[in-house]
Amino acid sequence: MNTTISSYIILLGLVCMCRMEEHVVRSKRAWIIDSFSIVEEHPGPFPYALGHINIERKYRVGFDLYGHGVDEDPKGILSIDKDTGVLTVHGKINYEEYTSLMLTFEVRNKSNLALDTKLGVNIEILDINDNPPLFQRNIYESTVSEQAMQGSFTLTVFAIDGDRPGTPNSTFDYRIISVTPNTPSAEWFIRDTGAILFKGCLDYEAAERYTIVVEAKDHGEGVQLSSSTTVLINVLDGNNHLPVITGHTGSGRVKERETGVSPLRIHVSDRDSYQTGAWRAKYTILGDVGQHFSIDTDPETNDGILTVIKPLDFEEGAERKVSVSVENVEPHFSCEVKEKTASEMWRVVTTGDEQKNSNEMDLSTVEFSIIVEDINDPPVFTVPVKEVLVKENVEIGFYVETVTAADQDLGFANEFVYAIGHDPGDWVRVDAKTGQIFTTCVLDRESIHVVNDTYTVILHATDKGDPPMTGTGTLLIRLHDQNDNVPQLVTNSVYICMMDEASVTEVAASDLDGFPYSDPFNFEILGDVEGKWRFEPNYGTTVHLVKENVVHSGLYTLLVKVSDRQGQFALQNLSVTVCDCSATPNCLFRKTTGGMGAAAIVTVLLAMLLFLGCLLLSLTASCRPEKVSIDTDCTSGDTLLKSNTETPGNDCSRIHTIEAPGMEVFDYDPHPYAFEGDFEGDSNPDLDSISIPDDDFSYDQLLDLGPRFNQLGVICKA
Ligand SMILES: *[C@@H]1O[C@H](CO)[C@@H](O)[C@H](O)[C@H]1NC(C)=O
Ligand SMILES: *[C@@H]1O[C@H](CO)[C@@H](O)[C@H](O)[C@H]1NC(C)=O
Ligand SMILES: *[C@@H]1O[C@H](CO)[C@@H](O)[C@H](O)[C@H]1NC(C)=O
Ligand SMILES: *[C@@H]1O[C@H](CO)[C@@H](O)[C@H](O)[C@H]1NC(C)=O
């Protein structure tokens, strides 16, 4: 201390219950006295004197006090006697609110009130152990999986003591008071930090929930204060029980070739919680050669439903053995306490890393026998698609081929009935017993039933089982072409124009046969046509018919011989109309015949009916025992063409009539039946009004119908 300080004499008043330690420390320019203390919650009686501040002066002085406890909160707790300097306490004070009171002390010259001394006074509040440690929560709750390893799960509780830090009054310990239920396999403990752990193995079946009461107790001298909290730990059911196969129901029998049926239902029991992953069974089929089975879990009962998904074949074995193993959707877990050691954790054994209990393993895999029942298998054609080459036009009853079927059934007679399944033209028959196939009509490569030279027959073989089963085979008859068709004129009727020089028209022919029995053809006109008619060239598919100018207008019939490459020929009549083409290019029909539209339409309709009829006929009567050449004519088809007759020598420019079979001759020229005054055909309005437009119908169509009808006639000839 220096001399300036020593000039102040500070007497430290000492009162009972106050500690007598002197501390005078420098704080800025003032001196602080902190030697006073008040015990918190001091019971009184009040007021009582805390002590007095004495200052020695030659003159009279007065004391003043300001700050906490006087004119600042907590107000009215402290006062000082102005004359004597005695400090008085007027009430209780709580350490947890005020750990000390900061005051300012002043001394003044009583004579002139000049400030003599100003000091800071610090009154310490002395703590008593009046606070127990308090937990932050009344209830702690958490969840732990049954499969949790010991020591892995922690829940930490936390308490605070309001008493003076660092003193025994605020120092406390945690302690577990009780655990409900008490399980031998698991033990709960608490660390100094408040962390709660378990050692051993949890078992949902033994305890679904633990209730742990934890206490915190301080180290107060004499009086120790404590409080407690409740910790709830819920155990989640893990998969610590394997499902066990307890039995099975169902016939255990399957008919061969049957799928979607369930011959077996396997029952299991599992001690884990219903409808959890720990309970739900997962089945596996072992030893299912050929993958014939599947197994599904019934979501309600946990049963394993064995289903046939791929047909079983009795001939491959009358009994099938399948093993079914079962486990849970969730991986299995088990925990067993081996030794309760003194160390923090016990010695436990858990599966997952250890081998499974062999006893349990045996129970979760069971072998079942499935009986496959024999049922009638369909016969199978030895060659499913058989191909055979046959010449067309072979005689009826020709042996084509023998088809055979086989049946794998052991218990059923290997005896079949062969039959035709599909034979588009009814061309063959099959011997029901032997499977031999014979023709029933002349085979025609050019038939509409033949595609790409191939005639397709579907065959059936039916066994004598109950019910009878039918197998299907295919016979492809490849038809070898023969020259059985003669060339035919594409059209039997042509026209040619009158000219000063030679004139020309085209004539074409066709042959249904293929190479080399077909075109190019040789064309020849028979009879005395020298200098009148000729073909030029006379070789090809389409040639030119040349008319010399000596031939006049009229209708001519030429006998034409058309030969194919092999010299096979047909004689055909070719109608040639020679006419004056100066008026119109088409000499057969003239504008003057415009009024004949209605008749023509009737003719066309008739022709269409005929065509349809022939078509129907051709579809039904498809097997043709004989070949038809153009020489044979179909009356109904041909007459339309033939009717277009006219006496040779007529000027064809005047042709305006058409005859149809069974029809009248129509003449649409206005015809005066009686003269009535100054009648002029053209000027008569009544007659004009009944005229029918020319463009109603083109006679070219009729002309074109001719050869087609000829062809239809060929087809109709059945
Ligand atoms: C105190 O006041 C008296 C009267 O005014 C005066 O005589 C005296 O000197 C003062 N003392 C001090 C130390 O100032
Ligand atoms: C603790 O509290 C007791 C009264 O319960 C008291 O006597 C003691 O002085 C206090 N200790 C401390 C270090 O505050
Ligand atoms: C026709 O038969 C031949 C050989 O037999 C084959 O190569 C061709 O693809 C067949 N054509 C059709 C349209 O079936
Ligand atoms: C050609 O027509 C004549 C007369 O109508 C007939 O006698 C003859 O048989 C016909 N010839 C052929 C090949 O159609």
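When a ligand or atom number is given, it counts from 1 through the structure's own listing order. These values consider heavy atoms only, across backbone and side chains, with no hydrogens, waters or symmetry-generated copies. Note that the numbering runs from 1 along the sequence shown for the chain.
At least one side-chain heavy atom of R164 sits under 4.5 Å from a side-chain heavy atom of Y95.
Residues D161 and N131 have side chains that never bring a donor and an acceptor to within less than 3.5 angstrom of each other.
Counting non-hydrogen atoms of neighbouring residues, nucleotides and ligands closer than 6.0 angstrom, the CD atom of E530 reaches no more than 12 such neighbours.
At least one N or O atom of N129, backbone or side chain, sits closer than 3.5 Å to an N or O atom of ligand 2.
Taking the ring pair (Phe, Tyr, Trp, His ring centres under 6.0 Å) definition, one finds that Y556 meets it with W533, sequence neighbours left out. For F189, there are no ring pair (Phe, Tyr, Trp, His ring centres under 6.0 Å) partners two or more places apart in sequence or in a different chain.
Looking at atom 9 (O) of ligand 2, its nearest protein heavy atom turns out to be D127 O, 4.1 Å. With hydrogens left out, the protein atom closest to atom 10 (C) of ligand 2 is N169 ND2, 2.7 Å, a heavy atom. Of the protein's non-hydrogen atoms, E221 OE1, 4.7 Å is the one closest to atom 7 (O) of ligand 2.
Interface of L571 with ligand 4, defined as ligand atoms under 4.0 Å from a residue heavy atom, comprises 13 (C). Here is the list of ligand 2 atoms found below 4.0 Å of a heavy atom in T167: 13 (C).
Using bins of under 30°, 30° to 60° and over 60° for the plane-to-plane angle, the ring pair F135/Y174 lands in the tilted bin.
Not a single heavy atom of T557 lies less than 4.0 angstrom from ligand 4.
In this structure, atom 14 (O) of ligand 2 has protein heavy atoms in its sub-4.0 angstrom surroundings.
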